[in-house]
Amino acid sequence: MNFDYSDDQKMLKDEARKFLAARCDAKVVRSVLDDDAKHYDEALWKSVAEQGWLGAAIPEEYGGLGLGHIELCAIAEELGRACAPIPFASTVYFVAEALLLYGSPDQKSKWLPKIAAGEVIGAFATSEGKGPVTARTLKTTVVNNRITGAKIPVTDGNIGNLLIVLAKEGLYLVEGPVNSEVLTTLDPTRPAARVTFENIHAERLGDEDGLTAMQTVFDRAAVLLAFEQLGGADKCLEMAKEYALSRYAFGRQIAGYQAIKHKLADIYVKNEIARSNAYYGAWALNVGAAELPLAAATARVAASDAFWFASKENIQTHGGIGFTWEADPQLYYRRSRQLSLVAGAPATWRERLVSQLETRNAA
Amino acid sequence: MDFEDSPHEAAYRATARDWLATNVAEHKAPSHADDMAAARSWQARKAAAGYAQITWPKEWGGGGGTPIEGVIFGQEEAKHPVQYGYFSIGLGMCVPTVMAFANDDTKQRFVGPALRGEEIWSQLFSEPAGGSDVAAIRTRAIRDGDDWVVNGQKVWTSGAHYSDFGIVLVRTNPDVPKHKGLTMFWLDLRSPGIEIRPIHQMSGGSNFNEVYFTDVRIPDSQRLGDVDSGWKVALVTLMNERLAIGGGGGAGPADILRAARELDGADGPLIKDSAFRQRLADWHVQTEGLRNTRMRTMTALSRGQTPGPESSIGKIIAANQLQDIGNAAVEAEDQYGIINDPALLPLKGLFQSAVMNAPGLRIAGGTDEILKNIIAERVLGLPGEIRVDKDDAFKDLPVGR
């Protein structure tokens with residue numbers, strides 16, 4: 001029994017935290033938020049690639065570090081804490097994971113080394129409109145390896161040059177550039193686009209049913225996203241605590257008022273529940289456990305709940321200043337919305353969680 | 001991150017499992033007419049095998065084991081329908097305090113019988129005026145030769161009506177601030193002048209008592225720690241209390257999932273109701289979160305770390321969830337939910353009993369509010385509550401109802 005990061009993993013995590021503290025402060029996040037023409041921080045992306053993080057869980061034969069998913073989780077936690085404005089999640093949690101799961105040897109050899117080196121940016125295109133993606137709403141089709149359809153929103157779809165697209169027939173690889181139009185979103189530091197395909201070349205990825213394959217990729221991404229959410233939620237608690245200790249009202253630190261103390265204790269409790277469930281998800285992901293779908297759903301619901309609560313109550317703790325553009329709580333509030341929705345909404349995951357419970361109990 | 005037992009842990013679990021299988025089977029004797037007799041016999045059996053207090057040193061009759069081994073045995077024991085609740089306060093809180101502060105003769109006299117379930121201990125701290133303010137103790141002890149004469153009242157004393165001994169915190173000096181005038185003693189609960197009255201709880205049960213002291217004489221030789229230093233002794237007991245009180249028991253997500261298949265919702269079985277399913281998911285997330293938090297605690301224990309006040313989250317979540325789940329199931333029964341007769345209800349009234357017991361769980365061993373203060377102050381490092389009574393003599397403190 002060891003339910004924590006190992007010493008080596010802790011060292012990696014500490015290094016990641018120091019590295020990001022130096023390279024990705026709030027100014028870097030704001031440089032993307034404040035500039036409509038800038039969709040990610042290229043310098044940060046490049047240095048993250050140099051650290052080898054993009055290939056942390058990619059086997060060495062494909063140019064990765066061949067570590068494991070727990071190491072990738074540790075990195076994700078720190079990226080979330082730093083609110084990193086780079087397309088790491090799209091490229092690594094969705095596209096690299098999909099290639100590892102479903103890619104042919106040729107597809108893996110062609111793409112994974114480029115992902116590990118930071119030479120391609122990935123995007124995972126599934127949504128076509130409001131509500132969860134279902135067989136009923138899915139319109140995109142592929143005929144003779146030519147794809148036609150429109151996806152909205154596609155996170156990093158405007159900067160991605162390797163897309164994995166869900167079509168009625170299955171998952172398909174599409175090389176960019178693609179026809180895209182940037183959207184106004186809740187979190188411009190993780191941009192999204194409308195992407196349209198008109199009879200474009202597409203390459204089949206695996207032979208699984210498309211919606212099943214999408215869900216399998218989502219299960220893996222959900223665990224990794226949960227660590228980003230956890231890192232973000234922890235950062236919100238820290239920000240709220242520091243502010244409450246430094247702010248005086250009615251002659252004393254607001255951190256001494258029980259209303260504030262209990263609010264921060266509530267954030268702490270949700271964060272710890274999220275952390276414990278994320279660890280279980282990491283274990284299930286790392287060993288390929290049969291309970292991954294249930295563990296992933298549990299981790300995702302807990303992390304989405306924790307980050308949303310922490311990010312909104314962080315603003316509340318800051319009072320009026322917290323609602324200004326200049327204050328940083330908004331960065332995490334925005335990111336909490338992006339992360340909670342990008343692999344499907346918490347309500348959809350709660351439903352998946354209960355379905356898994358029913359299946360387990362029936363067995 | 002690894003959920004599997006280490007080879008050593010797996011071996012320990014296998015041994016414990018085998019021992020339990022054999023001994024539970026032999027234990028099921030028809031001679032155990034009542035609960036208490038069965039519990040005592042099971043406790044004696046465990047003590048003989050070194051399973052009564054696994055982390056205690058062998059010289060005191062313990063198992064000489066690690067905290068992880070204690071948890072593993074607990075997990076395996078919980079799979080069997082055996083009784084051991086009667087001894088948890090004594091072995092978890094009182095006897096460790098006696099072991100820390102009493103002389104060797106006293107320890108020799110009491111540790112063994114407690115371990116074997118022959119004698120049961122109670123903890124007498126809370127008072128009508130106390131509640132969360134444990135140090136606001138008014139029960140007075142006045143020195144008279146070699147004895148102390150005690151007058152006053154304790155309340156919420158779990159199990160006092162079947163206990164043999166207790167540790168009691170009393171005021172020996174009202175002229176100094178409240179934490180500085182307390183002293184701890186052990187005592188025989190059958191001493192003259194003690195009257196124990198069970199309290200009838202809102203749930204219908206009677207687990208707690210009021211204990212009245214009228215000129216009760218306690219020899220000074222039964223003092224634990226120095227005169228007026230009882231608060232320091234009490235903190236040792238309270239620290240052990242936080243470890244001992246978990247969530248545990250009552251209706252959980254698995255029970256309401258089972259019930260939801262049978263219960264009708266507006267459009268068919270409750271389990272098909274999407275609003276209900278969303279709530280069920282959140283309960284599962286909480287329960288799993290606590291289970292996995294315990295795994296993290298075990299990991300910390302196995303590395304020689306002491307679990308800190310962060311374990312307070314367990315009780316906050318478990319007690320509130322019990323109230324929520326109980327109420328959700330009762331409301332799902334619609335008009336029928338008013339009934340509280342086990343014979344007429346799903347799962348023998350488990351949910352109604354959850355509704356009626358949850359308020360007590362949210363208070364016992366620290367209220368939700370106190371536990372949140374503990375997290376805020378000791379985990380997050382936020383300022384302590386303003387205490388206007390800190391420097392005043394106890395006798396000068398204002399008294400309300």
Side-chain angles (χ1 to χ4, degrees), chain A residues 1-6 9 70 73 237-238 240-241 244-245 252-253 255-258 260-270 272-284 286-287 289 294-295 297-302 305 346-347 349-358 361, chain B residues 1-6 9-10 68 71-72 253-254 257-258 260-261 271 274 276-282 284-303 310-314 316-317 368-369 371-377 379-386:
Chain A
M1 167 79 57
N2 169 26
F3 206 43
D4 195 358
Y5 291 118
S6 69
Q9 289 157 354
I70 309 244
C73 288
L237 178 56
E238 275 175 32
K241 178 184 144 179
L245 285 168
R252 59 185 175 116
Q253 289 168 303
Y257 289 102
Q258 210 170 52
I260 296 290
K261 286 165 73 173
H262 286 189
K263 184 191 290 300
L264 300 197
D266 287 340
I267 298 176
Y268 173 82
V269 169
K270 281 186 188 286
E272 289 308 301
I273 292 296
R275 186 183 325 281
S276 299
N277 284 323
Y279 282 13
Y280 185 62
W283 169 79
N286 199 47
V287 303
L294 179 58
T298 307
R300 178 152 178 83
V301 171
D305 181 35
W349 283 94
R350 286 193 178 91
E351 176 49 46
R352 178 165 173 76
L353 190 162
V354 176
S355 313
Q356 293 294 318
L357 277 185
E358 287 183 290
N361 281 31
Chain B
M1 281 163 212
D2 189 352
F3 259 105
E4 311 301 332
D5 289 334
S6 70
E9 287 158 6
I68 292 265
V71 174
I72 289 173
L257 170 63
R258 194 143 57 96
R261 295 200 170 114
I271 188 62
S274 64
F276 175 80
R277 293 169 77 86
Q278 294 279 311
R279 297 175 74 187
L280 181 59
D282 285 333
H284 176 79
V285 164
Q286 289 176 331
T287 298
E288 278 293 288
L290 288 188
R291 184 176 74 93
N292 295 325
T293 300
R294 279 192 289 275
M295 301 290 187
R296 287 172 53 209
T297 306
M298 279 175 69
T299 300
L301 284 171
S302 71
R303 291 177 178 178
E310 52 272 60
S311 49
S312 296
I313 66 176
I316 295 179
I317 291 194
D368 286 1
E369 291 74 16
L371 294 176
K372 285 183 188 180
N373 278 357
I374 287 172
I375 290 170
E377 293 168 21
V379 182
L380 301 178
L382 305 185
E385 290 303 292
I386 291 176

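Quick note on labels: first sequence line is chain A, next is B, and so on, each numbered from 1. Here the structure is a predicted model, which is why all the values come from computation and not from measurement.
Ion pair Asp4(A)/Arg296(B) not flagged as a salt bridge, since none of the NZ, NE, NH1 or NH2 atoms sits closer than 4.0 Å to an Asp/Glu carboxylate oxygen.
Residues Ile386(B) and Arg252(A) have side chains in contact (heavy-atom distance under 4.5 Å, counting atoms from C-beta outward). Using a 4.5 Å cut-off on side-chain heavy atoms (C-beta onward), Gln286(B) and Ile273(A) make no contact. In this structure the side chain of Phe3(A) never reaches within 4.5 angstrom of the side chain of Met298(B), judged on heavy atoms. Counting heavy atoms from C-beta outward, Arg350(A) and His284(B) have side chains that stay 4.5 Å or more apart. The shortest side-chain heavy-atom distance between Asn2(A) and Met1(B) does not fall under the 4.5 Å cut-off.
Annotation: maximal heavy-atom pairing with chain A below 4.5 Å, among Asp5(B), Leu290(B), Asp282(B), occurs at Asp282(B). Ranked by non-hydrogen atom pairs under 4.5 Å with chain A, the options Ala300(B), Ser274(B), Gly381(B), Ala376(B) are led by Ala376(B). Contact count against chain B (heavy-atom pairs under 4.5 Å) is highest for Glu351(A) among Lys263(A), Glu351(A), Glu238(A). By number of non-hydrogen pairs under 4.5 angstrom with chain A, the leading residue of Met295(B), Glu288(B), Gln278(B), Glu385(B) is Gln278(B). Taking Leu280(B), Asn292(B), Leu257(B) one by one and counting their heavy-atom pairs under 4.5 Å with chain A, the maximum is reached by Asn292(B). Between chain A and the options Glu369(B), Arg303(B), Arg279(B), the largest number of non-hydrogen pairs under 4.5 Å is found for Arg303(B). Across Asn286(A), Val354(A), Val287(A), the residue that shares the most heavy-atom pairs under 4.5 angstrom with chain B is Val354(A).
When Arg261(B), Arg258(B), Arg277(B) are each tested for a salt bridge (charged side-chain N to carboxylate O under 4.0 Å, His left out) with Glu358(A), only one passes: Arg277(B).
Residue Thr293(B) holds its OG1 atom at 13.5 Å from OH of Tyr280(A), rounded to the nearest 0.5 Å. The OG atom of Ser276(A) lies 6.0 Å from the CD1 atom of Ile313(B); values are rounded to the nearest 0.5 Å. Atom CG in Asn373(B) sits 4.5 Å away from atom NZ in Lys261(A) (nearest 0.5 Å).
Residues forming a salt bridge (Lys or Arg N to Asp or Glu O under 4.0 Å) with Arg275(A) (at least two apart in sequence, or on another chain): Glu77(A), Asp234(A), Glu272(A). In terms of the side-chain contact (heavy atoms from CB on, under 4.5 Å) criterion, residue partners of Gln356(A) (sequence neighbours excluded) are, by chain and number, Pro293(A), Leu294(A), Arg352(A).
For Ala255(A), the parts sitting under 4.5 Å from any heavy atom of chain B are the backbone and the side chain alike. The contact between Ile70(A) and chain B is made entirely by side chain atoms (from C-beta outward), counting heavy-atom distances below 4.5 Å. Tyr5(A) touches chain B through backbone and side chain together, each having a heavy atom under 4.5 Å away. For chain B, the nearby part of Asp266(A) is the side chain; its heavy atoms alone come within less than 4.5 Å.
Smallest separation of non-hydrogen atoms from Pro383(B) and Leu245(A): CD-CD2, 3.9 Å. Shown here for Ala302(A) and Val285(B), the closest heavy-atom pair between the two residues is CB-CG1, 3.5 Å.
Counting only N and O atoms by type, the side chains of Asp368(B) and His262(A) include no donor and acceptor under 3.5 Å apart.
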